[in-house]
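In what follows, a single structure is set out as structure tokens and then discussed.
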Amino acid sequence: MHLSIDQPLDLKSSLESGQAFRWRCVDGWHVGIIYGNIVKIRQGSSGLDFSSHPSSEHDMVSNIVDYLRLDDPIDSIYDAIIKDDLMAQVVNTHKGLRILRQEPWECLVSFICSATSSIPRISATLEALANQLGAPLLLQNEVAYDFPNAEVLAGVEESLLRRLGMGFRAKYLYCASRMVVDGQIPINEMRRMLYQDAKDQLMAIPGVGEKIADCTLLFSMDKLQAFPIDRWVKRAVEEWYFDGEIMRIEDIRKWALEYFGDYAGYAQQYLFHSKRLQGKKAT
DNA sequence: CCACGGCCTGATTC
DNA sequence: AGAATCAGGCCGT
């Protein structure tokens with residue numbers, strides 16, 4: 001199935017810029033899961049080619065539009081966040097990098113896993129979780145495992161989670177599962193909640209602080225003003241906007257929301273992506 | 001309020 | 001080679 005795209009989109013960067021951890025690349029195709037469907041997708045000159053299961057390709061179109069946020073007013077967003085020459089250049093270099101609209105539960109778990117870890121390890125852990133506890137989905141000669149829901153994860157021992165490589169995050173994941181199952185955290189209603197209200201609720205989960213809450217809000221809950229600050233973004237802002245001065249996270253957060261406005265999250269993703277590529281090349 | 005060490009563990013560095 | 005150090009934080013002191 002072909003889907004024409006007439007706006008900036010860089011599929012590879014979007015799927016591999018550290019927002020989602022379970023996409024793999026096979027022969028130029030990205031294989032992963034979108035809203036319970038295994039999807040094989042690639043970008044050509046005029047748009048996307050993909051196949052899917054169990055939903056038909058026809059029915060998957062709207063899911064793909066949702067997942068890649070192709071409904072965002074991307075040109076207005078660029079206008080809004082390009083406040084200076086540096087951001088103009090960063091956006092231009094990585095034009096088409098999108099924020100994804102992931103499923104809230106998997107996104108929350110992913111970023112609980114991310115604390116003091118590395119992307120390859122985060123991916124391995126999440127894959128292990130899904131392989132062990134999720135339902136397999138088949139497409140052509142590929143298999144991918146759906147992500148286990150909160151009920152399933154709440155039912156496994158912390159020791160299993162540790163065995164799967166979660167380390168000290170195992171107890172956080174167990175708590176999060178319980179809180180979602182018990183209805184304390186209305187994870188699927190947070191898209192309709194105010195940013196700060198949803199954030200306060202997420203941060204009530206042990207192991208979820210400002211950064212992990214903001215990642216979840218930005219990458220799965222439509223809160224485009226969320227500006228997660230990890231070490232890369234911290235470094236990027238300090239070096240590129242404050243002449244290398246060491247800043248407090250809280251001051252960066254306030255500055256970013258003020259400076260970039262309602263689409264600060266997009267600015268964050270571009271800063272993160274370019275700083276990380278730069279950091280990797282340097283080392 | 002701020003600063004700091006500890007936490008699991010695999011990969012990378014010295 | 002084997003031991004430190006680091007990795008997309010958070011929590012308690």
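When reading the values below, keep in mind they use all heavy atoms of this one structure, side chains included, and skip hydrogens, waters and symmetry mates. Proteins come first, then strands; the chains are lettered A, B, ... in the order of their sequence lines, and each starts at number 1.
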| field | Selected nucleotide, minimal atom distance to Ser118(A) side chain, candidates dC8(B), dG9(C), dG8(C) | value | dG8(C)
| request: Select base, sugar-phosphate, or nothing to describe what Ser110(A) touches, counting heavy atoms under 4.0 Å on all strands. | output: nothing
| query | Heavy atoms under 4.0 Å, any strand shown: does Val233(A) hit a base, just sugar-phosphate, or nothing? | reply | nothing
| message | Regarding Asn37(A) and Ser52(A), do their side chains bring together a donor and an acceptor under 3.5 Å, going by distance alone? | response | no
| field | Polar side chain donor-acceptor pair, Arg98(A) to Gln7(A), under 3.5 angstrom | value | yes
| request: Find the distance between CG (Asp66(A)) and CG (Asp222(A)) and round it off to the nearest 0.5 Å. | output: 8.5 Å
| Quiz item: Arg169(A) side-chain donor-acceptor pair to dC10(C) base, under 3.5 Å | no
Euclidean distance, atom [atom1] of residue [X] to atom [atom2] of [N] [Å, nearest integer]:
{"X": "Leu173(A)", "N": "dG9(C)", "atom1": "CG", "atom2": "P", "result": "18 Å"}
{"X": "Ile205(A)", "N": "dG9(C)", "atom1": "CD1", "atom2": "C1'", "result": "15 Å"}
{"X": "Leu126(A)", "N": "dG10(B)", "atom1": "CG", "atom2": "C1'", "result": "15 Å"}

| task | Under a 3.5 Å limit for both distances, which nucleotide forms a Watson-Crick or G-U wobble pair with dG8(C), could you say? | result | none
| field | Donor-acceptor pair, side chain of Gln19(A) and main chain of Phe219(A), under 3.5 angstrom | value | no
| field | Contact list for DNA chain C against residues 214-224 of chain A - heavy-atom distance below 4.0 Å | value | Cys215(A)
| field | Between dG8(C) and dC2(B) - P atom distance, rounded Å | value | 26 Å
| Does OP1 or OP2 of dA7(C) have a side-chain N or O of Arg231(A) closer than 4.0 Å? | yes
| note | Closest to the 5' end of DNA chain C, once Pro120(A) and Met203(A) are matched to their nearest nucleotides, is Pro120(A)
Kindly give the atom pairs (protein nitrogen or oxygen, nucleotide nitrogen or oxygen) under 3.5 Å for nucleotides 1-7 of chain B.
unit_1, atom_1, unit_2, atom_2, d
dC2(B), OP1, Arg248(A), NH1, 2.1

| task | Give the ring-plane orientation class for Tyr270(A) versus His94(A), where under 30° counts as parallel, over 60° as perpendicular and anything between as tilted. | result | tilted
